[in-house]
Amino acid sequence: MDDHSDDHRLKRLQFRAWHRGTREADYMIGCFFDRFHAEWGAAELAWFEALIEEEDVEIMGWALGTITVPDRFAGPLMARMQVLDYVDIPR
């Protein structure tokens, strides 16, 4: 991909990460993207693109450990999401 395509892809992913439908999901998913996406390669971006197609209640349940993570999302990125120390809620 060229730089323009990458930039468009990242902007689209950031928008989708921050416009989930609930404030809690926005913070969890949006902050995760903002904090880590610069470190990701193609495989990690593809993982995140697939993840944000899922329902917020599922993603939040996986991150909070209240729902078993499906094999397709299990791994180091989900483990990192489950730490939750990346969430910065403005007060």
Side-chain angles (χ1 to χ4, degrees):
M1 253 191 254
D2 61 32
D3 288 341
H4 179 69
S5 295
D6 286 342
D7 187 50
H8 178 73
R9 181 183 188 191
L10 291 174
K11 285 181 180 179
R12 181 177 44 79
L13 287 173
Q14 184 177 41
F15 181 86
R16 297 220 34 230
W18 277 102
H19 294 86
R20 302 301 304 176
T22 65
R23 185 173 299 191
E24 295 83 1
D26 289 349
Y27 281 122
M28 181 181 287
I29 299 165
C31 287
F32 181 77
F33 177 82
D34 285 355
R35 170 63 181 85
F36 298 109
H37 80 274
E39 303 168 6
W40 296 345
E44 291 84 5
L45 285 171
W47 178 90
F48 189 78
E49 284 174 320
L51 181 77
I52 61 174
E53 293 299 321
E54 300 296 321
E55 296 292 325
D56 292 348
V57 68
E58 300 290 325
I59 298 169
M60 293 178 70
W62 301 331
L64 295 170
T66 59
I67 302 173
T68 301
V69 178
D71 290 343
R72 70 185 181 279
F73 294 117
L77 288 176
M78 182 55 69
R80 185 64 191 100
M81 182 176 255
Q82 292 171 329
V83 175
L84 296 173
D85 64 347
Y86 55 85
V87 179
D88 182 23
I89 301 173
R91 294 186 176 29

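Here the structure is a predicted model, which is why all the values come from computation and not from measurement. Heavy-atom basis, side chains included; hydrogens, waters and symmetry copies ignored.
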**Message:** Using side chain to side chain contact (heavy atoms under 4.5 Å, CB included), reason through Leu51 and Phe73 one step at a time and then give a plain yes or no.
**Reply:** CA-CA 7 Å; Leu51 181 77; Phe73 294 117; 3.9 Å; yes

**Request:** List the atom of Cys31, the atom of Val87, and the distance in Å for their closest heavy-atom pair.
**Result:** CB-CA, 4.0 Å

**Message:** Would a single hydrophobic cluster contain both Ile29 and Phe15, if residues Ile, Leu, Val, Met, Phe, Trp and Tyr are joined by side-chain heavy-atom contacts under 4.5 Å?
**Reply:** no

**Request:** Kindly indicate, with the supporting measurements, whether the criterion side chain to side chain contact (heavy atoms under 4.5 Å, CB included) is fulfilled by Leu84 and Leu64.
**Result:** CA-CA 8 Å; Leu84 296 173; Leu64 295 170; 3.5 Å; yes

**Set of side chain to side chain contact (heavy atoms under 4.5 Å, CB included) partners for Glu39, sequence neighbours left out** = Arg35, Phe36

**Asked** Is any side-chain heavy atom of Arg16 less than 4.5 Å from a side-chain heavy atom of Lys11?
**Response** no

**Request:** With sequence neighbours left out, write down each residue that passes side chain to side chain contact (heavy atoms under 4.5 Å, CB included) with Leu45, or none if nothing qualifies.
**Result:** Arg9, Leu10, Leu13, Trp40

**Prompt:** How far apart are the C-alpha atoms of Phe32 and Met28, what are their side-chain angles, what is the distance that settles it, and do they pass the side chain to side chain contact (heavy atoms under 4.5 Å, CB included) test?
**Reply:** CA-CA 6 Å; Phe32 181 77; Met28 181 181 287; 5.9 Å; no

**Prompt:** In Å, rounded to the nearest 0.5 Å, how long is the span from CZ of Phe48 to CE of Met81?
**Reply:** 6.0 Å

**Asked** Tell me the side-chain hydrogen bond (donor to acceptor under 3.5 Å, both in side chains) pairs involving residues 21-32, sequence neighbours left out?
**Response** none

**Item:** Sequence neighbours excluded - salt bridge (Lys or Arg N to Asp or Glu O under 4.0 Å) pairs with any residue from residues 64-90
**Value:** Glu54-Arg72, Arg80-Asp85

**Item:** For Ala17 against Phe33, the heavy-atom pair lying closest together
**Value:** CB-CB, 3.9 Å

Side-chain donor-acceptor pairs under 3.5 Å in residues 55-63, sequence neighbours left out?
| from | atom 1 | to | atom 2 | distance (Å) |
| --- | --- | --- | --- | --- |
| Asp56 | OD1 | Arg20 | NE | 2.7 |
| Asp56 | OD1 | Arg20 | NH2 | 2.7 |
| Trp62 | NE1 | Thr68 | O | 3.3 |

